[in-house]
Amino acid sequence: MGRILRGLAGEGNLRVVAAETGDIVEEARRRHGLSPTATAALGRAMTGALLLAQLLLKTPKERITLRMEGTGPLGGLVVEADALGNVRGYVQNPRAEVPLREDGKLNVGELIGAGVLRVDRSLPSGEVYTSTVPLVSGEIAEDLAHYLWQSEQVPSAILLGVRVKGEGEVEVAGGVAVQVMPGASEEVLSRLEANLKGIPGITPLLREKGLEGALEDLLAGLGFARTDLRALGYGANEIPARFRCRCNREKALEALVFFTPEEREEMIVQDGGAEVVCHWCGEVYRFSPEEIRALVAEVRCPDCGALWLYPKADGTVFRIEGDTCRCGRKVELPAGRAQA
């Protein structure tokens, strides 16, 4: 279980969010079988997504998704988080690895390579707002700060760190985001800049002093005051953070609907059933021939292929909500099936 702290500094002109994510990143490493540098890359991105969710999302039902598409051997990564502290993510090539940097640190920038960062903000209405910016370094913290400046016009400092040990187990992971609000004085900005230059990096601070100690050093002389989160129902005055996937057995079975009846029958003949693996969390779901054969008679949009209607394995029927497909076409179901 991780945790998220929020607060203000610099006479209210600095908005601060901090996260401790060691357990979360370790779970991601184990679920996906990540190499050490892939662990650092995904861990930084997951921590960054949790920070951005606190800074940008307005309601608990919104989600933010980070997609990094680079030329490096990692092949790209995807992370999704919400403001409640839930996060999940995966990389395209989990065992990808590159040599250490000259300073002995994991070379996340080379693993990701040049490319783009795409940030999707999903609203409760189903609308998705997307912003895309070039990757600055591939080291993730700089790339997220660049995104906030380019897309939100808010100068920010973001520090992200993951330290691995032994066979690649996560020793410590976390991060801090400091957002400069309009009206911040030169004195506040100068002090923040001096503090940033004076620290050895977020990872050593987290390892030696913990999250609160890291914030003390980073915000020294700036009067950091934690936000009282107990008014929002968080008794420990911090937001619990966790690796949580939204997959389940029913959704995994429904994924088989996207195969034709002939393809599903081939699964039964060749493999005696089907196996669905969630790419977000690595969970494996296995289905019997009887469950697979129950997935028949689906109705799809003739324009975009979206599912409009199909019977589920438990005997209930899925029907698209509303009268309009996501592509804008009017939903037209066979006679006698509209109210199924």
Side-chain angles (χ1 to χ4, degrees), residues 2 4-6 14-19 21 24 28 41-70 76-92 112 115-136 138-160 175-182 227 229 232 239-247 251 278-281 304 306 321-322 324-328:
I4 300 170
L5 310 179
R6 297 190 340 209
L14 301 177
R15 188 181 179 195
V16 182
V17 181
T21 57
I24 296 171
L42 185 58
R44 291 181 192 179
M46 294 175 74
T47 305
L50 286 169
L51 298 178
L52 260 61
Q54 295 298 316
L55 293 174
L56 301 178
L57 303 186
K58 307 300 182 184
T59 71
K61 294 184 178 181
E62 295 179 40
R63 296 191 303 275
I64 190 166
T65 303
L66 310 181
R67 302 177 191 272
M68 287 191 167
E69 302 167 0
L77 62 80
V78 185
V79 171
E80 178 190 85
D82 62 28
L84 298 176
N86 301 309
V87 64
R88 60 179 183 168
Y90 65 95
V91 300
Q92 185 173 338
I112 293 177
V116 297
L117 165 65
R118 194 178 87 188
V119 180
D120 296 333
R121 294 171 61 183
S122 302
L123 305 184
S125 64
E127 293 180 276
V128 178
Y129 291 93
T130 300
S131 298
T132 302
V133 296
L135 291 175
V136 175
E139 293 288 338
I140 301 181
E142 296 177 45
D143 300 301
L144 296 183
H146 178 65
Y147 158 75
L148 288 172
W149 174 247
Q150 292 293 316
S151 298
E152 306 295 328
Q153 286 78 54
V154 179
S156 306
I158 295 184
L159 298 89
L160 304 171
V176 178
V178 181
Q179 202 171 52
V180 180
M181 308 306 291
T227 300
L229 298 172
L232 300 177
I239 301 171
R242 64 198 67 79
F243 186 111
R244 176 170 291 176
C245 189
R246 294 187 289 113
C247 74
K251 290 181 180 179
C278 176
H279 59 268
W280 284 101
C281 68
C304 71
E321 295 183 3
T324 305
C325 182
R326 64 188 182 190
C327 68

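- Residues that satisfy the side chain to side chain contact (heavy atoms under 4.5 Å, CB included) test with Pro134, not counting sequence neighbours, are His146.
- Listed by chain and number, the residues in a salt bridge (Lys or Arg N to Asp or Glu O under 4.0 Å) with Arg67 are Asp120 (sequence neighbours excluded).
- Rounding to the nearest 0.5 angstrom, the gap separating the CZ atom in Arg63 from the CG atom in Leu84 is 11.5 Å.
- Considering all non-hydrogen atoms of both residues, Leu135 and Glu69 come closest at CD1-O, 4.4 Å.
- Across all non-hydrogen atoms, the minimal contact from Leu42 to Ala28 is CD2-CB, 4.1 Å.
- Here the closest non-hydrogen pair linking Ser122 and Val128 is OG-CG2, 3.9 Å.
- Inter-residue side-chain proximity for Val154 and Leu55 is flagged as unmet; no heavy-atom pair is nearer than 4.5 Å.
- Residues passing the side chain to side chain contact (heavy atoms under 4.5 Å, CB included) test with Pro155 are Trp149, Val180, sequence neighbours excluded.
- One distance of note links CG of Leu77 with CD1 of Ile140; it measures 5.5 Å at 0.5 Å rounding.
- Looking only at side-chain heavy atoms (C-beta outward), Val119 and Ser151 stay at 4.5 Å or farther from each other.
- Summarising the geometry of Ile4 relative to Gly85, their closest heavy-atom pair is CD1-CA, 4.2 Å, with the distance given to 0.1 Å.
- Here the straight-line distance linking atom CE of Met68 with atom CD of Gln92 works out to 15.0 Å at 0.5 Å rounding.
- Note that the CD atom of Gln179 and the CD1 atom of Ile158 stand 8.5 Å from one another [nearest 0.5 Å].
- Considering CD of Gln153 and CG of Leu148, their distance stands at 10.5 Å, rounded to 0.5 Å.
- For the residue pair Gly175 and Leu51, the shortest heavy atom distance occurs at C-CD1, 4.0 Å.
- Ion pairing between a basic and an acidic side chain is recognised when a charged N comes within 4.0 Å of a carboxylate O; Arg121 and Glu152 show such pairing.
- For Phe243, there are no ring pair (Phe, Tyr, Trp, His ring centres under 6.0 Å) partners, not counting sequence neighbours.
- At least one side-chain heavy atom of Asn86 sits under 4.5 Å from a side-chain heavy atom of Arg242.
- The local environment of NZ in Lys251 is crowded, with over 12 non-hydrogen atoms from other residues, nucleotides or ligands closer than 6.0 Å.
- Residues Ile24 and Met46 meet the side-chain proximity criterion, which asks for heavy atoms closer than 4.5 Å.
- In this structure, the separation between CZ on Arg246 and CD on Glu80 is 4.0 Å, given to the nearest 0.5 Å.
- Put simply, the residue from Asp143, Leu144, Val78 that forms a side-chain contact (heavy atoms from CB on, under 4.5 Å) with Leu66 is Leu144.
- In this structure, the side chains of Pro124 and Glu62 come closer than 4.5 Å at one or more pairs of heavy atoms.
- Looking only at side-chain heavy atoms (C-beta outward), Leu52 and Tyr147 come within less than 4.5 Å of each other.
- Arg6 is linked by a side chain to side chain contact (heavy atoms under 4.5 Å, CB included) to Val17, Gln54, Thr227, Leu229, Leu232, Ile239, counting only residues two or more places apart in sequence or in another chain.
- A search for side chain to side chain contact (heavy atoms under 4.5 Å, CB included) contacts involving Glu127 returns Leu123, Ser125, Tyr129, not counting sequence neighbours.
- Contact between Leu57 and Ala83 at its shortest, heavy atoms only, is CD1-N, 3.9 Å.
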